[in-house]
Number of protein chains: 2
Amino acid sequence: MTNNGLAEPRRTLTLRDVSEASGVSEMTVSRVLRNRGDVSPATREKVLEAAKALGYVPNKIAGALASQRVNLVAVIIPSLSNLVFPDVLSGISAELEETGLQPVFGVTNYSAEKEEAVLYEMLSWRPTGVIVAGLEHTDAARAMLENAGIPIVEIMDVDGTPVDSVVGISHKRAGLEMARAIVKEGYRKIGFLGTKMPYDHRARKRLEGFEAGLAEAGIELTDREFYSGGSALQKGREMTEAILARNPDLDFIYYSNDMIGAGGLLYCLEKGIDVPGQIGLAGFNGVDLLEGLPRKLATMDACRHEIGRRAAAIVAGRSETGLVGGERVELTPVLEPGDTIHRK
Amino acid sequence: MTNNGLAEPRRTLTLRDVSEASGVSEMTVSRVLRNRGDVSPATREKVLEAAKALGYVPNKIAGALASQRVNLVAVIIPSLSNLVFPDVLSGISAELEETGLQPVFGVTNYSAEKEEAVLYEMLSWRPTGVIVAGLEHTDAARAMLENAGIPIVEIMDVDGTPVDSVVGISHKRAGLEMARAIVKEGYRKIGFLGTKMPYDHRARKRLEGFEAGLAEAGIELTDREFYSGGSALQKGREMTEAILARNPDLDFIYYSNDMIGAGGLLYCLEKGIDVPGQIGLAGFNGVDLLEGLPRKLATMDACRHEIGRRAAAIVAGRSETGLVGGERVELTPVLEPGDTIHRK
DNA sequence: TTGAAAGCGCTAACAC
DNA sequence: GTGTTAGCGCTTTCAA
């Protein structure tokens, strides 16, 4: 840290310093710095000059306490390494861009207890609103959300009972429709490879919907396997090898995300397995990171950016619906069949 | 938002409410809630019970103003979609876990102006410290950092003059060593494919170091191309095809990141090009997301998690070096040759 | 258009 | 071990 060459001990500047430097009252300085109320151009000029010369940075802590307004939106997500969330966050940032609101991110690592702790921490900063992934919370977390007195938007998932507003897709339905599409193509011996369940409610719901969809055609899932940790691409490879070893006659694998699906696809291509003739494959998310694979994996877009955008709009009070609270926005993911699902 | 079935207008609770509910002074309530000072177990119990029953959430804004202490660490990075940064953030989170400090993230989209704005916004919350990616800032941003009076840690890169502390690797050296390794393997007609430069200083520095390394052996870069936007895997494919079309005798391609490198690798394998016999490939970052490719791409680990961890340690005052400020931590990335660089 | 007074909800410092 | 007092640096409100 440099000390600017000065010997005086450093103190952070206050409005008072700007006031003294410019010969204008603190109140007027405050008005200028916030663009509030009428201030004569001359005064305005003087103040801005002084503030800039001093390098004054306002203290939002004091400002927030006095005004009872905080321009922060708490955003709580399970993970950053899951490719899904950066997209959601970018949707949120984009929508908030011009509103003066600022997103603040917290990560729970898929733990309900951690979520509760993060939520408590964030609420103690009295944000303008909360955007939180998922509908499953501890009782205490739910109570905090209900009592916060600010807009709460639960995102990603609509299968459940929201605290206030909700923006997402039905993962049950996503699984269901994938099952129907697969059955229609004639696949019958079907396996599922996914993430370890208890922590990933949305993947669980997709699987439930998927099994329900198969059941409609009188089909039962032939085999399934779950993983946690490790490189997703690698896991996709390994699990695909394992499930095919156990079930040589499998004709379809549904993956709980695109990354493990991509691993499976690469494995099959290497082994010379005919995709989608001998075996069909599908993932979930519509991760565009994966465009550029030798073959395009069938998937279903999770509407990540749009979910973030709509959720932020609700918090910002710019929601398209015009409702005040308790909104329900269900987006519809579309099947992207790619090259791994249609039999010729 | 539910209203709990009560008709009274909702007001957020204060210490005073807990004080009245428990029959204990505000000050003692405050002590209990912060685990500060001696409080008798009986009083303690009463207070915690009342706080819990009411659903009291402390107001950190008021607390921070009164105590002049804020448990926030500002973390400023260029992007979330670049796979590099989630790893850095997880290193920061991990190190901060037990310190009571909380990271708050801001994103600049590789724009120096946006960085300046984000920095101003964050400094106005008077964080305990700042961790910011890169050494290149606007003059105003640099001035703010110098005058903030808190620990500043610039990360990722050590090639330049830091404001205060710095934790990173030398991208110049990374490029240089990659060049030496390649030359040693006998490659001579070498191309570079990378991100559009002006926004990505670290990629630029790697290229500079790389060219310097080639120059040591009297070699000049045969061709180069830059991209921006789009799916990295796809871009890697397309650019590889293009550069090989222009230079059929190219025997090595150095990519500015692993994702486009992976795209190039997939392209070459599909075309039946002998890698690394006919052509060698290398990327940068050591992204473990890519483990599971048909062949392991040569790369150099960017020490992302460790950079985050060390930077956070400095802000938290737990740095291993014991210095107070102005630390310089240069980590050494190691070449991971993988399968795409050694000629038999 | 500008200024003065009061207070946001909490904690430091000191008294008891 | 517990309470009292005086602010933290701003903005609200109201007066000039």
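The chains referred to below are lettered A, B, ... by the order of the sequence lines, with proteins before strands, and numbering in each begins at 1.
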Seminar exercise, completed: For Ser30(A), the side-chain hydrogen bond (donor to acceptor under 3.5 Å, both in side chains) test, sequence neighbours excluded, returns Arg34(A)
Exercise. Does OP1 or OP2 of dT11(D) have a side-chain N or O of Arg34(A) closer than 4.0 Å?
Worked result: yes
Problem set entry | Residues that Glu330(B) engages under salt bridge (charged side-chain N to carboxylate O under 4.0 Å, His left out), provided they are two or more places apart | Arg328(B)
For this session: May I ask you to list the residues of residues 37-61 of chain B, by number, that have any heavy atom positioned under 4.0 Å from an atom of DNA chain C?
Result: Tyr56(B), Asn59(B)
Exercise. Between Asn147(A) and Arg142(A), is a side chain to side chain donor-acceptor pair (under 3.5 Å) present by the stated rule, with each step listed?
Worked result: CA-CA 9 Å; Asn147(A) 292 319; Arg142(A) 198 163 219 283; over 6 Å; no
Exercise. First contact, last contact: which nucleotides of DNA chain C are these for chain A, 5' to 3', heavy-atom distance under 4.0 Å?
Worked result: dT1(C) to dG9(C)
Problem set entry | salt bridge (charged side-chain N to carboxylate O under 4.0 Å, His left out) partners for Asp159(B), two or more places apart | none
Side chains of residues 14-26 of chain A: which donor-acceptor partners sit under 3.5 Å, not counting sequence neighbours?
unit_1	atom_1	unit_2	atom_2	d
Thr14(A)	OG1	Arg16(A)	N	3.2
Thr14(A)	OG1	Asp17(A)	OD2	3.3
Arg16(A)	NE	Glu20(A)	OE2	3.4
Asp17(A)	OD1	Arg11(A)	NH2	3.1
Asp17(A)	OD2	Arg11(A)	NH1	3.4
Asp17(A)	OD2	Arg11(A)	NH2	3.4
Asp17(A)	OD2	Thr14(A)	N	2.7
Ser19(A)	OG	Val24(A)	O	2.6
Ser22(A)	OG	Val18(A)	O	2.8
Ser22(A)	OG	Ser19(A)	O	3.4
Ser25(A)	OG	Met27(A)	N	3.4
Ser25(A)	OG	Thr28(A)	N	3.1
Ser25(A)	OG	Thr28(A)	OG1	3.2

For this session: Calculate the interatomic distance between Gln68(B) atom CD and dC10(D) atom P; express it in whole Å.
Result: 10 Å
Exercise. In whole angstroms, how far is the P atom of dT11(D) from the CZ atom of Arg36(A)?
Worked result: 9 Å
Exercise. Is any side-chain heavy atom of Met156(B) less than 4.5 Å from a side-chain heavy atom of Phe85(B)?
Worked result: yes
Exercise. Is a donor on one side and an acceptor on the other found under 3.5 Å between the side chain of Glu154(A) and the backbone of Val163(A)?
Worked result: yes
For this session: Taking salt bridge (charged side-chain N to carboxylate O under 4.0 Å, His left out) as the test, write out the residues that go with Arg304(B), two or more places apart.
Result: Asp87(B), Asp301(B)
Exercise. Is there a donor in the side chain of Ser90(A) and an acceptor in the side chain of Ser93(A), or the other way round, less than 3.5 Å apart?
Worked result: no
Extract from the structure each pairing of a protein N or O with an N or O of nucleotides 13-16 of chain D at less than 3.5 Å, listing the distance.
none

For this session: Quantify the bending of the helix from dT1(C)-dA16(D) to dC16(C)-dG1(D) as the angle between its end axes, each fitted on five pairs, to 10°.
Result: 30°
Exercise. Where do Ile131(A) and Ile77(A) land on the side chain to side chain contact (heavy atoms under 4.5 Å, CB included) test, with the steps shown first?
Worked result: CA-CA 9 Å; Ile131(A) 297 175; Ile77(A) 54 174; over 6 Å; no
Exercise. Where the side chain of Asp164(A) meets the backbone of Gly326(A), is there a donor-acceptor pair that is under 3.5 Å apart?
Worked result: yes
Exercise. Is there a side chain to side chain contact (heavy atoms under 4.5 Å, CB included) between Glu116(B) and His137(B) once you walk through the steps?
Worked result: CA-CA 8 Å; Glu116(B) 183 182 319; His137(B) 316 288; over 6 Å; no
Please list, one pair per line, the donor and acceptor atoms closer than 3.5 Å that link side chains of residues 68-75 of chain B to other protein atoms, with sequence neighbours excluded.
unit_1	atom_1	unit_2	atom_2	d
Asn71(B)	ND2	Glu121(A)	OE2	3.1
Asn71(B)	ND2	Gly100(B)	O	3.2

Exercise. Which residues within residues 14-25 of chain B lie with some heavy atom under 4.0 Å of an atom in DNA chain D?
Worked result: Val24(B), Ser25(B)
For this session: Go through the structure and list residues passing salt bridge (charged side-chain N to carboxylate O under 4.0 Å, His left out) with Glu306(A), not counting sequence neighbours.
Result: Arg309(A), Arg310(A)
Seminar exercise, completed: Taken to the nearest whole Å, CZ/Arg126(A) to P/dC10(D) is 21 Å
Exercise. Between Ser165(A) (side chain) and Glu327(A) (backbone), is there a donor-acceptor pair under 3.5 Å?
Worked result: yes
